[in-house]
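Worksheet: the structure to be examined is printed underneath.
Keep in mind it's a predicted model, so treat the numbers as computed, not measured. Position 1 is the first residue of the sequence; numbering continues from there.
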Amino acid sequence: MNISDALLIGVAVLAVVSFALFRWLYVRSVRIKNNLRMNRVFNNITNEIVTPLSVLSASVEHLRQIAPDGSKEYDLMDASINRTLHLLDQILETSQSQKGELKLRVSNCDVMQLLQESSQSLLPLMKKKRLAFSIECHPESMMGWIDSDKIDKIVTNLLINSIKFTPEGGSITLNAVTNKSFDRLTIKIADTGVGVPKDRQKNMFTRLYDVDYRFDSGISVGISLAQTYELTVLHHGSIKCSSQEGQGTTFTIELPINKKAFSKQQIDEEHMETNVVHRAILDIGDTAAIELSADSKAEHLPSGASRILLVEDNSELLTLMTHLLRSAYRVKTAKSVEEAQNLIRSNLFDLIVSEVALPGTDGYELTKWLKHDYSYRHLPIILLSANNSDGVRQEALAVGADDCMVKPFKVGELRLRIDNIIANRQRVMRDAVVSGDDNADAEDGTNADSEFLRRAIVCVNDHLDDAAYDRDQFAADMGASASTLYNKLRLLTGMNVTAFIRDMRMKAACRLARENPDYRVSDIAYRVGYKDPKYFATTFKKCFGMQPKEYFQRVREEQ
């Protein structure tokens with residue numbers, strides 16, 4: 001063989017290898033694109049399904065209030081809704097796992113209590129098949145470092161698998177025990193079910209493979225066991241299965257529960273000693289019952305009722321939320337960000353509740369617009385999302401949202417969060433006003449709110465002796481319109497502009513009395529902007545419940 005022949009052979013081999021490599025890369029890229037496309041399809045379908053489930057959940061909640069006699073039927077509806085949500089969560093988490101986005105967040109909680117709560121949520125399904133169930137935990141209560149959401153999914157998936165493949169009258173047991181050093185947990189879930197053939201056991205944790213040998217192909221759309229395996233590995237644990245056909249199956253999970261087993265990024269110090277169970281299949285309790293009537297109207301509300309803007313593109317959910325909330329708030333609605341912005345510009349609101357996934361511009365952009373516009377940055381906003389991933393809540397808080405809730409949610413819980421946000425902001429800012437300190441800073445409020453309030457206090461204190469100082473001059477000094485000034489002060493302090501100026505003058509009067517005990521009432525009245533000492537005395541009594549002479553005398557006696 002001469003050199004030219006050898007060269008031709010080498011080129012031919014290189015061409016074949018290059019073609020094979022190119023084809024492999026092409027097939028791999030197509031597979032990746034298909035996976036990404038399917039992930040997007042799964043996410044979109046899941047998010048679309050959650051919205052009608054939200055409508056159903058809110059409807060059941062309303063029915064509990066107006067027709068409480070059907071509690072058993074409502075429990076069944078809630079159970080079906082939450083079971084569907086549980087399955088949707090698995091789809092979303094499967095998508096995240098394929099993209100490598102699943103994250104572990106461990107906190108210090110009662111591990112044994114979590115296992116008991118996760119198991120008890122499935123008791124109705126076991127009773128339906130007349131299955132005997134027992135759970136033993138040794139010790140009965142013990143703190144450990146775990147991701148409660150992930151552990152709840154692992155236990156729930158395995159129990160559901162046992163329920164599915166255990167005939168009526170069978171039994172299921174859950175046994176949890178720690179090692180001698182209390183740094184590892186072993187969970188065994190055993191059933192007296194049909195068992196799994198040996199040739200199928202090796203594929204039990206393969207995605208889309210079903211261990212139900214009654215299907216000839218062995219293929220279905222099951223993801224529970226595959227997800228269980230992935231969550232266990234994510235938690236630095238291991239899972240094994242032993243099964244005998246016709247006798248039953250036992251799953252054994254071993255997990256570390258010591259803080260040292262996890263990295264700093266995986267540890268959630270803020271939720272120590274809490275036991276946060278993921279949405280179980282049965283979540284029938286309402287955290288805050290709402291007294292509703294079919295004819296609840298806004299005109300029945302007191303004049304000081306909070307004003308809420310709801311932004312949701314689903315007409316059914318928007319109508320239902322409006323109906324459920326209008327007994328407590330003055331509610332306006334919008335179906336898009338543009339419509340919401342127009343309403344915000346022309347109305348006074350105390351808080352915004354908005355869906356994240358809106359047509360066109362989304363809820364994140366609405367939040368950014370609010371927080372970057374000086375006229376509206378004081379408005380708190382709660383975002384709603386059908387996506388239960390940690391990234392959604394993190395992004396919501398990152399863009400400035402005050403809270404984020406996952407659909408479907410209890411309207412009672414939404415009301416509690418609305419009330420708490422509004423009340424806390426008013427309390428913090430009102431405390432700053434009461435102090436009368438122009439350096440006051442509200443640690444619980446935003447920096448922008450604190451700075452606004454500080455500047456407002458300075459403006460009034462600089463014009464205390466000016467009886468003509470009114471809301472228009474006040475607004476001009478603040479560099480804001482009269483309506484913007486009113487909105488901010490009302491939200492931050494609960495007072496209108498006139499009341500704010502009056503209270504600042506009264507606090508200044510008290511301060512002058514302490515600093516200058518020899519001043520007469522008229523002297524102080526003139527110094528805080530009152531031309532008529534009698535009117536000053538009347539205003540002072542309304543604020544403090546006593547005449548200024550009586551107050552000043554007490555100040556002198558204390559000194």
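Under the 3.5 Å distance criterion, the side-chain polar atoms of H372 are matched with a main-chain donor or acceptor of K368. Between the E515 side chain and the L512 main chain, no donor and acceptor come within less than 3.5 Å of each other. With hydrogens and angles ignored, the 3.5 Å screen pairs a side-chain donor or acceptor of D470 with a backbone N or O of Q473. Listed for the R505 side chain is a donor-acceptor partner under 3.5 Å among the backbone atoms of V528. The backbone N or O of K549 lies less than 3.5 Å from no partner atom in the side chain of Q547, so there is not a single donor-acceptor pair. In this structure a side-chain-to-backbone donor-acceptor pair under 3.5 Å is present from D110 to Q113. Remark: the backbone N or O of Y519 is not paired with any side-chain donor or acceptor of N516 at under 3.5 angstrom.
Here L489 contributes atom CG and N496 contributes atom CG; the two are 8.5 Å apart, rounded to the nearest 0.5 Å. With values rounded to the nearest 0.5 angstrom, L310 atom CG is found 5.0 Å from M321 atom CE. Atom CD1 of I344 sits about 4.5 Å away from atom CG of L370, to the nearest 0.5 Å. The distance from atom CG of D362 to atom CG of D313, rounded to the nearest 0.5 Å, is 11.5 Å. Rounded to the nearest 0.5 angstrom, H236 NE2 and I257 CD1 are separated by 14.0 Å. Interatomic distance, E312 CD to K335 NZ, rounded to the nearest 0.5 Å: 9.5 Å.
Using a 4.5 Å cut-off on side-chain heavy atoms (C-beta onward), L104 and V106 make contact. Counting heavy atoms from C-beta on, the side chains of R454 and V458 come closer than 4.5 Å. Side-chain contact between Y329 and I418 is present, with at least one heavy-atom pair separated by less than 4.5 Å. Side-chain contact between T361 and E338 is absent, with no heavy atoms from C-beta onward closer than 4.5 Å. Put simply, the side chain of I308 does not reach to within 4.5 Å of the side chain of R330, judged on heavy atoms. Taking the side chain as every heavy atom from C-beta outward, F540 and C510 approach each other to under 4.5 Å. Inter-residue side-chain proximity for L383 and Y364 is flagged as met; some heavy-atom pair is nearer than 4.5 Å. Residues T178 and P139 are in side-chain contact: their nearest non-hydrogen atoms beyond the backbone lie under 4.5 Å apart.
Under the 3.5 Å distance criterion, with hydrogens and angles disregarded, no donor-acceptor pair is assigned to the side chains of D532 and Y526.
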Going through the checks in order, is the side-chain contact (heavy atoms from CB on, under 4.5 Å) test met by M506 and F536?
CA-CA 9 Å; M506 292 298 103; F536 166 76; 3.6 Å; yes
Where do L309 and T333 land on the side-chain contact (heavy atoms from CB on, under 4.5 Å) test, with the steps shown first?
CA-CA 6 Å; L309 174 62; T333 63; 5.6 Å; no
Working for side-chain contact (heavy atoms from CB on, under 4.5 Å), residues V311 and E355:
CA-CA 6 Å; V311 189; E355 162 67 44; over 6 Å; no
Verdict with supporting geometry, N258 and W145, side-chain contact (heavy atoms from CB on, under 4.5 Å):
CA-CA 6 Å; N258 191 299; W145 289 85; 5.9 Å; no
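Each of L114, N108, L185, L255 was evaluated against I146; a single residue qualifies, L114, per the side chain to side chain contact (heavy atoms under 4.5 Å, CB included) test.
In this pair, H463 and Y469 present their aromatic rings parallel. The plane angle is below 30°, not in the 30 to 60° band. The aromatic rings of Y535 and Y530 sit tilted relative to each other, their planes meeting at an angle between 30° and 60°.
Nearest heavy-atom pair across R471 and S483 is NH2-N, 4.4 Å. When all heavy atoms of T367 and A401 are compared, the closest pair comes out as CG2-N, 3.5 Å. The two residues M478 and C459 have their closest heavy-atom pair at SD-SG, 3.7 Å. Considering all non-hydrogen atoms of both residues, F262 and I267 come closest at O-CD1, 4.0 Å. Taking both residues in full, the closest heavy atoms of E140 and Q116 are given as O-NE2, 3.7 Å, listed atom of the first, atom of the second, then distance. Here the shortest heavy-atom pairing between P533 and S522 reads CG-CB, 3.9 Å.
Between R527 and D523, none of the side-chain N atoms (NZ, or NE/NH1/NH2) sits under 4.0 Å from a carboxylate O, so this pair counts as no salt bridge. Electrostatic pairing of R105 and D147 does not count as a salt bridge here, judged by no charged N lying under 4.0 Å from a carboxylate O. Salt bridge present: D350 and R307 bring a charged side-chain N and a carboxylate O closer than 4.0 Å. Checked for salt-bridge contact, D402 and K371 meet the test: a charged N lies under 4.0 Å from a carboxylate O.
Around atom CZ of R345, more than 12 heavy atoms belonging to other residues, nucleotides or ligands sit under 6.0 Å away. For E365, the CD atom counts as densely surrounded, since its 6.0 Å shell holds more than 12 non-hydrogen atoms of other residues, nucleotides or ligands. Around the CD atom of E550, the shell of radius 6.0 Å holds more than 12 heavy atoms that belong to other residues, nucleotides or ligands.
Scored by the side chain to side chain donor-acceptor pair (under 3.5 Å) test, N420 finds no partners at all (sequence neighbours excluded).
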